[in-house]
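Here is the structure we will look at, set down as C-alpha cells.
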Amino acid sequence: MASISATGGSSTDTGLTSDASGLDDSTTSETNATSGETTTTTTGPSADWPDEPYRFRKPIRIHPGVNLSEFPVGILLAEDDDLVQEARPDGSDLAIMGEDGITPIPYELENYDGTNGSLTLWTLPRPLSANRETWIYLYYGYDLDGREVPPPALDRAETWPARFEAVWHMRVDGLELLDSTAASHSAVASGMTQSASNQPGIAGPSADFDGIDDFYEADDPTDGSLDAGTDSFTVSFWVLMTMNVGQFDTPLYKGASQSNDPGYGFFFRTEVDPPDWIGCVTEPSALSHHLTFGPTRKLLGIDWHYVVLTIDRDEGMIRSYLDGSLSEAEPLRLGAIDGDQDLVFSHPLNPFRGRLDEVRIQRAAVDAAWVQAEWTNINDPEQFFTVEPSQARP
C-alpha cells in the first residue's frame with residue numbers, strides 16, 4: 001500500500017465509494033406557543049431499530065468536509081447525562097450501528113465513565129463524503145428486565161484497517177501499553193518503577209512519563225511490520241511535553257539516533273539554536289532526513305500537539321506535519337528503511353517528560369487533507385461530528 005488520500009482511500013484501494021446511500025434525513029418540528037415560531041431539528045435518516053432490545057439511541061451526524069475512505073472516526077464525549085441515566089455503568093451495552101440503524105459496524109470502546117457519561121470510542125463507518133453527512137447510531141439501554149446481556153461487540157481490531165500496523169491508545173495497563181490492531185504489538189515496561197502513569201489525554205487516558213526512568217519497549221517483529229522498508233509509511237502521535245530534561249529528549253524511537261542506526265525516531269534537540277523538535281529517518285547506508293516540527297519553546301507547555309511524519313514512495317517525498325498543517329517537505333532520497341531496534345516510548349538514555357496519546361503506525365502515506373481531518377476529529381470533535389438528541393424506541 002502506497003498512499004492514503006482524503007479523496008478516496010489508498011492508491012491501491014478499489015471499489016471504495018462515497019456515494020449517498022439514498023436514505024432521507026428525518027425532521028421534527030416544534031412551534032413555540034408564545035412566539036409562534038417553528039423550529040426544525042434534523043434527527044438523522046428514518047432508520048430502523050434492531051431486534052435487540054436497546055431502549056435508546058443517539059443519532060450521530062459526521063460532517064468531515066472531505067472525502068475519507070477507511071477513516072476510523074473518534075466519537076469523543078466529555079459528558080452525557082442520557083448515558084449516565086440509561087446506559088450500564090461499565091458501558092457494556094453501548095453499540096454502534098450504521099446508517100440503516102440495524103447493521104453493526106466495527107467499533108472499539110476505549111474508555112467510558114458511567115459517572116459522567118464521558119466516552120472515547122473509535123468506529124469505522126462507510127466512506128465519508130464531503131458532499132453529504134454520514135449518520136451512525138450509538139445504542140444504549142439494553143435491557144430485558146435485567147435477564148439478558150447485550151450481544152458481543154465486533155472484534156476491536158476490525159476498527160483498524162489492515163494498513164494500520166499498530167495503534168496504541170497509551171492507556172497504561174499494568175506494565176503494558178496495548179496495541180489495538182490484530183498484530184498486538186504490546187509495549188512493556190521492565191518494572192513498576194519504569195511504568196508511566198495514567199493521566200487525562202487528548203482522547204481518553206494517556207501515558208505520563210516522568211523524564212527519569214519511565215520507558216516501554218515493543219519487540220522488533222520478525223516480519224518487519226514496524227519498519228518502513230521500501231513502502232510508504234506514516235508515524236503519528238499526540239504529545240504534551242511538560243519539561244525539557246536533556247539534549248535529545250526522545251518520546252518515540254526505533255533507530256535513527258545516529259548515521260549507522262537505521263530506522264526512525266523523534267527528538268527534542270536543545271543543542272541547536274533555537275532548540276527544536278525533529279523527526280529523523282535513516283537507512284543502512286547512513287543517508288538520512290531530519291524534518292523539523294517547530295521550536296521547542298513553542299511546543300513546550302500545557303497544550304497537546306499532533307505530530308505526523310510521512311514517507312510517500314509514490315511521490316518520492318518525506319513530510320512532517322504539526323497540528324494538522326505541513327511543516328516541512330523534502331524529496332525522498334532513501335532506500336529501504338529497516339532496522340533491528342525495538343520500538344521504544346521514552347528512551348532510557350534520553351528520557352522524555354510529558355504525556356503521549358494515540359500513537360499510530362500505518363503502512364501508507366496519508367495526505368494533508370487526511371492529517372487535517374484527524375487533527376479536527378480529535379482536537380475539535382464538534383467540528384467533525386454532531387450528536388443529536390436521544391431517541392427512545394417506538
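The structure presented is a predicted model; accordingly, all values stated were derived computationally and were not measured.
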Worksheet item: Does a side-chain heavy-atom distance below 4.5 Å link Met97 with Ile102?
Response: no
Discussion item. Is it the case that the side chains of Asp208 and Asn198 hold a donor-acceptor pair, with the cut-off being a distance below 3.5 Å and no angle test?
Written reply: no
Discussion item. If you define the side chain from C-beta out and look only at heavy atoms, does anything of Leu332 sit under 4.5 Å from Met317?
Written reply: no
Worksheet item: Are any of the side-chain heavy atoms of Phe233 and Thr310 separated by less than 4.5 Å?
Response: no
Worksheet item: If you group Ile, Leu, Val, Met, Phe, Trp and Tyr by side-chain heavy-atom gaps below 4.5 Å, do Tyr306 and Phe385 land in one group?
Response: yes
Discussion item. Taking Arg55 first and then Asp93, would you say they form a salt bridge - that is, a charged N and a carboxylate O separated by under 4.0 Å?
Written reply: no
Discussion item. Quick one about Ser180 and Glu108 (side-chain donor to acceptor, distance below 3.5 Å, no hydrogens or angles considered), yes or no?
Written reply: yes
Worksheet item: Hey, is CG on Asp51 packed in by over 12 heavy atoms from elsewhere, all under 6.0 Å?
Response: no
Worksheet item: When the ring centroid of Tyr321 is compared with that of Phe293, is the distance short of 6.0 Å?
Response: no
Discussion item. Can you classify the ring geometry of Trp277 versus His305 as parallel (below 30°), tilted (30 to 60°) or perpendicular (above 60°)?
Written reply: perpendicular
Practice prompt. Calculate, to the nearest 0.5 Å, the distance between atoms CG and CG belonging to Leu119 and Asp113 respectively.
Written response: 10.5 Å
Practice prompt. Measure the shortest side-chain to side-chain distance between Asn111 and Pro205 over non-hydrogen atoms and say whether it is less than 4.5 angstrom.
Written response: yes
Discussion item. Tell me if the aromatic rings of Phe266 and Phe237 count as close, with their centers under 6.0 Å from one another.
Written reply: yes
Fill in: From CA spacing to verdict: ring-ring contact (aromatic ring centres under 6.0 Å, His included), His169, Trp122
CA-CA 11 Å; His169 297 306; Trp122 307 95; 5.8 Å; yes
Worksheet item: Passes side-chain contact (heavy atoms from CB on, under 4.5 Å), Val239 versus Val307? Steps please.
Response: CA-CA 8 Å; Val239 59; Val307 171; 4.1 Å; yes
Practice prompt. Give me the ring orientation class for Tyr54 and Tyr142: parallel if the planes are under 30° apart, tilted from 30 to 60°, perpendicular past 60°.
Written response: perpendicular
Fill in: Audit row: Ile62, Leu128, side-chain contact (heavy atoms from CB on, under 4.5 Å) steps and yes/no
CA-CA 8 Å; Ile62 304 171; Leu128 305 177; 4.0 Å; yes
Worksheet item: Can a salt bridge be assigned to the pair Arg163 and Glu70 using a cut-off of 4.0 Å between side-chain N and carboxylate O?
Response: yes
Practice prompt. In plain terms, say whether Glu158 and Arg156 are close enough for a salt bridge, that is, a side-chain N and a carboxylate O under 4.0 Å apart.
Written response: no
Item to complete: For the pair His63 (side chain) and Ser129 (backbone), establish whether a donor and an acceptor sit closer than 3.5 Å, ignoring hydrogens and angles.
Response: no
Worksheet item: Less than 4.5 Å apart, any side-chain heavy atom of Asp312 and any of Arg319?
Response: yes
Response to the item:
From the list Arg360, His185, Arg363, side-chain hydrogen bond (donor to acceptor under 3.5 Å, both in side chains) partner of Glu165 resolves to Arg363
For residues 215-222, please give each side-chain donor-acceptor pair under 3.5 Å, one per line with the distance, not counting sequence neighbours.
from   : atom 1 : to     : atom 2 : distance (Å)
Tyr216 : OH     : Ser195 : OG     : 2.9
Tyr216 : OH     : Ala196 : N      : 2.9
Asp220 : OD1    : Lys254 : NZ     : 2.9

Discussion item. Keeping Asp210 on the side-chain end and Asp214 on the backbone end, is there a donor-acceptor pair under 3.5 Å?
Written reply: yes
Fill in: Rounded distance (nearest 0.5 Å) linking atom CD of Gln199 with atom CG of Asp357
12.0 Å
Worksheet entry | Side-chain donor-acceptor contact under 3.5 Å, Glu382 with Thr386 | no
Worksheet item: Is a side-chain donor or acceptor of Thr103 paired with a backbone partner of Gly101 at a separation under 3.5 angstrom?
Response: no
Worksheet item: Are Phe268 and Ile278 joined in one hydrophobic group, where the rule is that I, L, V, M, F, W and Y side chains link up if heavy atoms are under 4.5 Å apart?
Response: no
Worksheet item: According to a 4.5 Å side-chain heavy-atom criterion applied to Ile, Leu, Val, Met, Phe, Trp and Tyr, with indirect links allowed, do Leu178 and Ile202 form part of one hydrophobic cluster?
Response: no
Discussion item. Side chain to side chain donor-acceptor pair (under 3.5 Å), that's the test. Do Asp261 and Ser257 meet it? Break it down for me.
Written reply: CA-CA 6 Å; Asp261 183 22; Ser257 63; 3.0 Å; yes
Worksheet item: Taking atom CG of Asp223 as the centre, does the number of heavy atoms from other residues, nucleotides or ligands within less than 6.0 Å exceed 12?
Response: yes
Worksheet item: Quick one: do Glu110 and Arg171 make a salt bridge, cutoff under 4.0 Å?
Response: no
Worksheet item: Is the closest basic N to carboxylate O distance between Lys58 and Asp82 below 4.0 Å?
Response: yes
Fill in: Thr234 side-chain N/O to Val366 backbone N/O, donor-acceptor pair under 3.5 Å
yes
Item to complete: Could you please spell out the steps behind the side chain to side chain donor-acceptor pair (under 3.5 Å) verdict for Glu328 and Thr292?
Response: CA-CA 7 Å; Glu328 285 194 352; Thr292 64; 2.8 Å; yes
Discussion item. Donor-acceptor check, side chain of Ser206 to backbone of Arg355, threshold 3.5 angstrom: yes or no?
Written reply: no
Worksheet item: On the ring face of Trp49, is Arg57 found with NZ or CZ under 6.0 Å from the centre and within 45° of the axis?
Response: yes
Discussion item. Applying side-chain contact (heavy atoms from CB on, under 4.5 Å) to Trp304 and Asp323, what does each step give before you reach the verdict?
Written reply: CA-CA 9 Å; Trp304 282 95; Asp323 296 344; over 6 Å; no
Item to complete: Please work out which of the three classes, parallel, tilted or perpendicular, describes the rings of Tyr139 and Tyr137, given edges at 30° and 60°.
Response: tilted
Worksheet entry | Rounded distance (nearest 0.5 Å) linking atom CD1 of Ile318 with atom CD1 of Ile311 | 5.0 Å
Fill in: 4.5 Å side-chain heavy-atom contact, Leu291 and Glu330
yes
Worksheet item: Hey, does Trp370 have a side-chain heavy atom less than 4.5 Å from the side chain of Gln362?
Response: yes
Worksheet item: Can you tell me how far NE2 of His347 sits from CZ of Phe209, rounded to the nearest 0.5 angstrom?
Response: 13.0 Å
Worksheet item: Does the side chain of Val84 reach to within under 4.5 Å of the side chain of Thr115, using non-hydrogen atoms?
Response: no
Discussion item. To the closest 0.5 Å, what do you measure between OH (Tyr112) and CG (Leu94)?
Written reply: 6.0 Å
Discussion item. Run the side chain to side chain donor-acceptor pair (under 3.5 Å) test against Asp342 and tell me which residues pass, sequence neighbours left out.
Written reply: none
Worksheet, complete the sentence: When rounded to the nearest 0.5 Å, the distance separating OG of Ser325 from CH2 of Trp375 is 8.5 Å
Item to complete: Find out if a path of hydrophobic residues (ILVMFWY) with successive side-chain heavy-atom gaps under 4.5 Å connects Leu76 to Phe384.
Response: yes
Discussion item. Looking at Gly263, is its backbone amide N or carbonyl O close enough to the side chain of Thr282 to form a donor-acceptor pair, meaning the two atoms are under 3.5 Å apart?
Written reply: no
Discussion item. Run the side chain to side chain donor-acceptor pair (under 3.5 Å) test on Asp249 and Asn244 for me, step by step, so that the C-alpha distance in whole Å, both residues' side-chain angles and the decisive distance to 0.1 Å come before the verdict.
Written reply: CA-CA 7 Å; Asp249 297 6; Asn244 181 239; 3.0 Å; yes
Worksheet item: Side-chain heavy atoms under 4.5 angstrom apart, residues restricted to Ile, Leu, Val, Met, Phe, Trp, Tyr: same cluster for Ile378 and Val308?
Response: yes
